[in-house]
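What follows is a single structure, written as structure tokens, with notes after it.
Lettering of chains follows the sequences in order, A, B, ..., and the numbering in each one begins at 1.
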2 protein chains.
Amino acid sequence: MAEEAAQEQRSPTAPRPVRCIVKLGGAAITNKGELESINEESLRSACAQLRQAMSESEGDGAPEKVLGMDWSKRHGDPADPAVDAEWIAGMAGLGLDTNFIVVHGAGSFGHFQASRSGVHKGGLHSTLVKAGFVATRISVTSLNQEIVRALAREGIPSVGMSPFACGWSTSLRKLASANASQIIQSLHAGFVPVLHGDAVLDELLDCTILSGDVIIRHLAQLLSPKYVVFLTDVHGVYDRPPTDPNAVLLKEIEVDGKGSWSVVKPALLQGNNKGVEISVAAHDTTGGMETKILEAAAIARLGIDVYITKAGTEHSLRALKGDVSSDSEDWLGTIIRSSK
Amino acid sequence: MAEEAAQEQRSPTAPRPVRCIVKLGGAAITNKGELESINEESLRSACAQLRQAMSESEGDGAPEKVLGMDWSKRHGDPADPAVDAEWIAGMAGLGLDTNFIVVHGAGSFGHFQASRSGVHKGGLHSTLVKAGFVATRISVTSLNQEIVRALAREGIPSVGMSPFACGWSTSLRKLASANASQIIQSLHAGFVPVLHGDAVLDELLDCTILSGDVIIRHLAQLLSPKYVVFLTDVHGVYDRPPTDPNAVLLKEIEVDGKGSWSVVKPALLQGNNKGVEISVAAHDTTGGMETKILEAAAIARLGIDVYITKAGTEHSLRALKGDVSSDSEDWLGTIIRSSK
């Protein structure tokens, strides 16, 4: 249903093709062990790298003055923000290719509220689920607000867009309605939409949680970006939990037309799929990870390369620039691509 | 155009009629003199009164335990929120008639960013306007987040919905696209949508500011609420700035089929319209106020009573309950109604 909607929406309104959809993984930008705690340094570094990747000038290495777009007070700082309107008005342009979409996970935001109430299971007649829906949205939208602000401080013209407010909904947890026309309009106007995993209405269950990974797959189907980047807290996809000292990084995974995947590099694991216990984030149990890989595989199947790598490294900067090839031995991360 | 859209959308999806659309005026809930400062006491009191107005039981005066729905950390409070899931799950229902919509103004949020950049004038090729658009949205959405949280703390199942994210847009500053289906779905699911004045895309100007008052008029056309309440920082509409010691409160204004309005009470001003310098908020210059009255008059013309009164008073509680008649001499506020 969502795929049909994607087909319908693609042709009439789509402007120039989207360059990149970026997932800021919850594990990378929040401190998972601590309720509603942002990993400020990691978030700042991810935003700075995004700006570098968008930059149209190669630059001489000298840091240019950034046009900060967060003109709001910061918590705990009584000073009013300083805005040099004259200098800003005199700029010829942003000098950025802003044709990016950012989607972020929840990390330590939202999970507590969602799991405490069982909002993913649905049933709004339950007062606990109804309250949990409200509480979950408050938590994930406050993270969204902080990420939009962090991007804006780096001079990226970011606009927050909650899937729930956009009218996205599911049917038995599968995406049923996902109108992206406002996202397309925003891109066309030169803004960077910032979406997130959200609590949404479900036709049959009343409500559920729509994950950031599902949002990315849908947007990739709809907008055919050149590449998709998943930033997480480990170097990529491993054959077992990355905390295991024997874990091997899977450098390249191929997906065939039927959606089955197999490891291409490293050679010693070639042809392996079911045998390896796939794992991405250091904090997650391996169980949920295969679902994550499946979303990435569904994107790769469309002929769109997916790069999974560690946020805040030289590898993530290269991934965001699209400067990754399977021949580059010095790039640490996982490439998931179509075998076609 | 928006009116046609309203007609089209009304019939198929509308559930039970909306009871009330409430405007939380920027002057009432923020400290206008101080950048991005919430009037916490006034906001808390408005939310508590809204809850009382929604309450289905008259009660014996004893305060009932409120099912708080903000389970997020508060700034400056390191403690994790306490959630009594067992108690919540055991509740039979909320005991609230939640068929309300809340729209709030910007007050000391957004105005600084918008006026500094001229975002209301449009022209996104200008770096200043583009940055101002981002900065304005950050400011107004952070106020929205705080209002959603304040409502949730009072046990009101509130969900933030930004007009920009909902895909609302204008053409030459007039509402051009304003799909309310997600608002209707949210009401139907028992949630209270919380909208706000926002920076939006404009078909001809690139962008502009969509005011909360215009949003309310459109929603009133679309959803035919029983009554509309504007909460502000003075008792209602005056014949001159309320700071003037000779200012007279206009207790009743009638609007005819053509949209012209005239004062009915007090009798000494009867028939007067152009002669009086209409004024609502204590901080505003009178110039902009006639526009505000015109929006209220447009709602009254639909046969929907509009009550304008001071937040946090016994009069605002009565207005929110819809317990106002033109005979009640002890109610302080302005009633705007159709002469039909």
Find the one option among [options] whose heavy-atom pairs under 4.5 Å with chain A are most numerous.
options	value
Ser162(B), Gly132(B), Gly118(B), Ser126(B)	Gly132(B)
Gly68(B), Gly90(B), Ser158(B)	Ser158(B)
Gly167(B), Gly155(B), Ala92(B)	Gly167(B)
Ser142(B), Ser117(B), Ala152(B)	Ser142(B)
Ile156(B), Thr136(B), Asp70(B)	Asp70(B)
Val148(B), Val83(B), Leu67(B)	Val83(B)

Give, as side chain, backbone, both or neither, the part of [X] having an atom under 4.5 angstrom from any heavy atom of chain A.
X	answer
Leu94(B)	both
Thr127(B)	both
Pro163(B)	neither
Ile138(B)	both
Gln113(B)	both
Leu35(B)	both
Phe164(B)	both
Ser186(B)	both

Would you confirm whether Asn31(A), through its side chain, and Glu34(A), through its main-chain N or O, come within 3.5 Å as a donor-acceptor pair? no
Kindly say whether Gly107(B) contributes a backbone atom to a donor-acceptor pair with the side chain of His111(B) at under 3.5 angstrom? yes
Below 4.5 Å, heavy-atom pairs only: which of Gly110(A), Ala189(A), Ala199(A) has the largest tally toward chain B?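 Between Gly110(A), Ala189(A), Ala199(A), the count favours Ala189(A).
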Greatest number of non-hydrogen atom pairs under 4.5 angstrom with chain B, of His125(A), Met91(A), Gln145(A), falls to Gln145(A)
From NZ (Lys121(A)) to OG1 (Thr208(A)), nearest 0.5 Å: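 That separation rounds to 11.0 Å.
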Using 4.0 Å as the upper bound for N to carboxylate O, is an ion pair formed by Arg19(B) and Asp97(B)?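 The answer is yes: the pair qualifies as a salt bridge.
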Kindly assign one of parallel, tilted or perpendicular to the pair His75(B) and His75(A), based on the angle between their ring planes and the thresholds 30° and 60°.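 Ring orientation of His75(B) relative to His75(A): parallel.
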For [X] and [Y], which heavy atoms make the closest approach, and how far apart are they?
X	Y	value
Trp168(B)	Asn179(B)	NE1-O, 3.0 Å
Leu175(A)	Val214(A)	CD2-CG1, 4.3 Å
Val129(B)	Gly123(B)	CB-O, 3.4 Å

Within 45° of the ring axis of Phe191(B) and under 6.0 Å from its six-membered ring centre, is that where the NZ or CZ of Lys130(A) lies?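 Checked: cation-pi criterion met.
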For a side chain to side chain donor-acceptor pair (under 3.5 Å) with Asn144(B), tell me which candidate from His104(B), His196(B), Arg149(B) qualifies. His104(B)
